[in-house]
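The analysis underlying the following values was restricted to heavy atoms, covering all of them including side chains, and did not include hydrogens, waters or symmetry mates.
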Amino acid sequence: MTELTLRLQEGDTETTIAVDQDVFTIGRLPECNLYLPFAGVSRNHARILKTAEGMWTIEDLGSKNGTQVNKYLVNCPQQLHHGDVVWLGNVSLVVLLTNPVSESTFTPEYASTSETNEQRTILHNVEQLQQQWIAADSKDGNISNKDKTIARLKDLVDIAKNLCAAASIEEIFSQVQQVVFRYLDSIDRLALLIDVNGCGHLELVNAATRNVSQQKHLPADGSWISRSICQKVFEEKVVIQTGDTHQDERFASEQSILVKGIRSAMAVPLWDENKVVGVLYADANLSSYHWANEGEEELSFFSALANLVASSVQRWLLAEKLKTEEVIRHRLERYHSPAVVQQLISVGASPDGRLAPSESEISILFADLVGFTAISERLTPTAIAQLLNNLFEEMLKEIFTYGGTLDKYIGDCIMAFFGAPEPQLDHADRAVAAAKGMLNRLEHLNANNFWQEPLQLRIAINSGKAVVGDVGSSQRVDYTALGATINLAARMEGVCPPSECVISEATYAMLSQPSDFQEMGDYRFKGIDRLVKVYQTKLQPVSTIISH
């Protein structure tokens, strides 16, 4: 029978804990079998299970900082061996097994031997490295630990100042490049990869080589980078350093690494405790043998630097997001009410502010000024522009009130639709309500001498499927609706009496209160090979009727 004991190191004191249950919990809660009231340990951090075969396994319970065995994260139940070191946050437990089965030939993964030095891979939880480089362990007898720590703190302060002053991603990378190549002689190439759109896809934003003459030979597409290493770092929030990928069993199946000639590599996540925004990656074509001894300190520095870079990158991402939102906002404010604009921005559009065309169920509205040709004959061009600007400003208020979208102004006509870009199940009711509001508003404006003579509108509404989105060239784009539904609405406007609204049979069938409308008759319109039933209603009495 194999018995398990855990050895806990607290300063100079060692405590031995016997695992006397088949299910043994570890965490910061007093009711756990092993109570560890330390920072970095979650309330229910991990548990140890004894299998039917008498073996012991450990699994993480969704802890914040993860559980590691010999510096490797535990993603599923993992068997424990004699001599394993279990990390929970910054707390380590040594596994001691009595009567272990086939343990005599086992060498712990963290052991450093002459055979493993060249292929050593360091994989850490990034939080364990934050302060390690600053709290230096000086090997120079002439330099005290305290002096070296102070010097490194000053360096980090200077680096942080320079990064804070960087306004662009190019400036940020330039600062990182200078620092990395100054401190780390073991690397040849450096890359900054960022999850620009927040979708989990790393994009190469900048790269550099130590040898400036080799910069032009660095593939711009990032094909020289080990994506498998970067993705693991990004997804698992760990740091990776390998001294020789060719002899490292972890990368034996990664043909891309062998093909690319990567011998040594180091990657750290850019993170803010809540979200990883990118990866800082470095590699060398030659094996870095000294990493077996000095690699952890270099990795600690690389990780400390990454923490500073993460803040600058996040600031840049926020600035870019605000720029993009501003572009989108300016584009959309031409068409939508402020509430709809904010909703679209929160959902997100393409980086260039475009909304891709898609099929939608909408109600399209055409509102035309009655007798505009005769009116324009009596006015100067400036007066015509003033009339239309004032009228459109008032009518658009009603369209936006009911969540409508302005398509365009066509001379004296307003074209708007309801039901896109955000779906509206009641788009027909909204369109009719907006039409009522426009006619009522115009009546009140006429009563208050809005213009030198009373004005009238004709409004036509049709409902159905249409393609809605940005259409145009790179120089000019219009957000518009296209299709037969729009063509019919435009034709119907011609049969509408002044100061009234007409709707199609499709719209009539969708209304929650169709009783406001009465049948007007069946009409045949140009380009449409069927009779169309049209409904009309005089929504409000108008004080003065002008013949057309």
Short N-O contact, R524 and D529, less than 4.0 angstrom = no

inquiry  = Check R47 with E59, please: is the shortest side-chain N to carboxylate O separation under 4.0 Å?
reply    = yes

task = Verify side-chain contact (heavy atoms from CB on, under 4.5 Å) between V495 and F525, making sure each step is shown before the conclusion.
result = CA-CA 10 Å; V495 303; F525 297 102; 3.7 Å; yes

query = Does any non-hydrogen side-chain atom of I169 lie less than 4.5 Å from one of F173?
reply = no

message = What's the separation between atom NE2 in H444 and atom CG in N440, rounded to the nearest 0.5 Å?
response = 5.5 Å

ask   = Passes side-chain contact (heavy atoms from CB on, under 4.5 Å), W224 versus L218? Steps please.
value = CA-CA 8 Å; W224 54 277; L218 197 65; 3.6 Å; yes

message = Any donor-acceptor pair under 3.5 Å linking the side-chain atoms of D221 with those of S223?
response = yes

key: S42 side chain to K64 backbone, donor-acceptor under 3.5 Å   = yes

key: Heavy-atom side-chain proximity of T405 to P421 below 4.5 angstrom   = yes

key: Distance, nearest 0.5 Å, that separates CG of L193 from CD1 of I225   = 4.5 Å

request  = Would you mind listing every salt bridge (charged side-chain N to carboxylate O under 4.0 Å, His left out) that reaches into residues 374-385, with sequence neighbours excluded?
outcome  = R378-E453

query = Between D60 (side chain) and S63 (backbone), is there a donor-acceptor pair under 3.5 Å?
reply = yes

request  = Verify, without hydrogens or angle tests, whether Q424 (side chain) and G419 (backbone) share a donor-acceptor contact under 3.5 angstrom.
outcome  = yes

inquiry  = Within the 3.5 Å criterion, strictly below it, is a donor on S463 or T507 matched to an acceptor on the partner's side chain?
reply    = yes

query = Backbone N or O of C496 within a donor-acceptor pair of the R458 side chain at under 3.5 Å?
reply = yes

note = Rounded to the nearest 0.5 Å, the OG1 atom of T382 sits from the CD1 atom of I384 at a distance of 9.0 Å

key: Test item: V468 and I362 side chains (from C-beta on) under 4.5 Å apart, heavy atoms   = yes

inquiry  = If you apply the rule side-chain contact (heavy atoms from CB on, under 4.5 Å), what do you find for V534 with I503, and how did you get there?
reply    = CA-CA 6 Å; V534 176; I503 63 175; over 6 Å; no

query = Could you state the interatomic distance from CD1 (I229) to OH (Y281), rounded to the nearest 0.5 Å?
reply = 5.0 Å

Distance in Å, E394 CD paired with L445 CG, rounded so as to fall on 0.5 Å steps = 5.0 Å

ask   = How far does CD1 of I399 sit from CZ of R430, to the nearest 0.5 angstrom?
value = 13.5 Å

Any donor-acceptor N/O pair, D195 side chain to G278 backbone, under 3.5 Å = no

ask   = Hey, is the main chain of V41 close enough, under 3.5 Å, to the side chain of R28 for a donor-acceptor pair?
value = yes

message = Taking ring pair (Phe, Tyr, Trp, His ring centres under 6.0 Å) as the definition, give me every residue that meets it alongside F181, ordered by chain and number, with sequence neighbours left out.
response = none

request  = Identify the two heavy atoms, one from L388 and one from G411, that lie closest to each other, and give their separation to 0.1 Å.
outcome  = CD1-O, 3.9 Å

message = Under a 3.5 Å distance rule, please check whether H201 uses its side chain to pair with a backbone N or O of V196 as donor and acceptor.
response = no

query = For residues 356-394, which residue pairs qualify under ring pair (Phe, Tyr, Trp, His ring centres under 6.0 Å), counting only residues two or more places apart or in two chains?
reply = F392-Y409

task = State, with a plain yes or no, whether a side-chain heavy atom of L488 is found less than 4.5 Å away from one of I528.
result = yes

query = So K533 and S504, side chain to side chain donor-acceptor pair (under 3.5 Å) or not? Walk me through it.
reply = CA-CA 6 Å; K533 191 178 296 296; S504 68; over 6 Å; no

query = Within a strict 4.5 Å, meaning less than it, do heavy atoms of the I364 and I461 side chains meet?
reply = no

request  = Output yes when E235 and K232 qualify as a salt bridge under the 4.0 Å nitrogen-oxygen rule, no when they do not.
outcome  = no

query = How far apart are the closest heavy atoms of H427 and S363, and which atoms are they?
reply = ND1-OG, 2.7 Å

ask   = Is there a donor-acceptor pair closer than 3.5 Å between any side-chain N or O of R182 and the backbone N or O of Q177?
value = no

task = Might you work through the side-chain contact (heavy atoms from CB on, under 4.5 Å) test for H45 and T67, ending with a clear yes or no?
result = CA-CA 8 Å; H45 199 112; T67 301; 3.2 Å; yes

ask   = Does one side chain, of S226 or S228, offer a donor that lies under 3.5 Å from an acceptor on the other?
value = yes

message = With a 3.5 Å distance limit and no angle check, can you tell me whether D429 reaches the backbone of S512 through a side-chain donor-acceptor pair?
response = yes

key: Non-hydrogen atoms of V279 and A267 that approach each other most closely   = CG1-CB, 4.1 Å

ask   = Are any non-hydrogen side-chain atoms of I486 and F417 less than 4.5 angstrom apart?
value = no

ask   = Going by heavy atoms in the side chains, are L442 and L391 under 4.5 Å from each other?
value = yes

message = Restricting to non-hydrogen atoms, name the atom on W451 and the atom on A383 that form the minimum distance, rounded to 0.1 Å.
response = CH2-O, 3.8 Å

inquiry  = Contact between Q536 and F517 at the side-chain level, heavy atoms closer than 4.5 Å - yes or no?
reply    = no

query = How far apart are the closest heavy atoms of I459 and A367, and which atoms are they?
reply = CG1-CB, 3.9 Å

ask   = How close do L204 and G222 get, heavy atom to heavy atom, and via which atoms?
value = CD2-CA, 3.5 Å

inquiry  = Under a 3.5 Å threshold, yes or no: a donor from one side chain and an acceptor from the other, between T485 and K465?
reply    = no

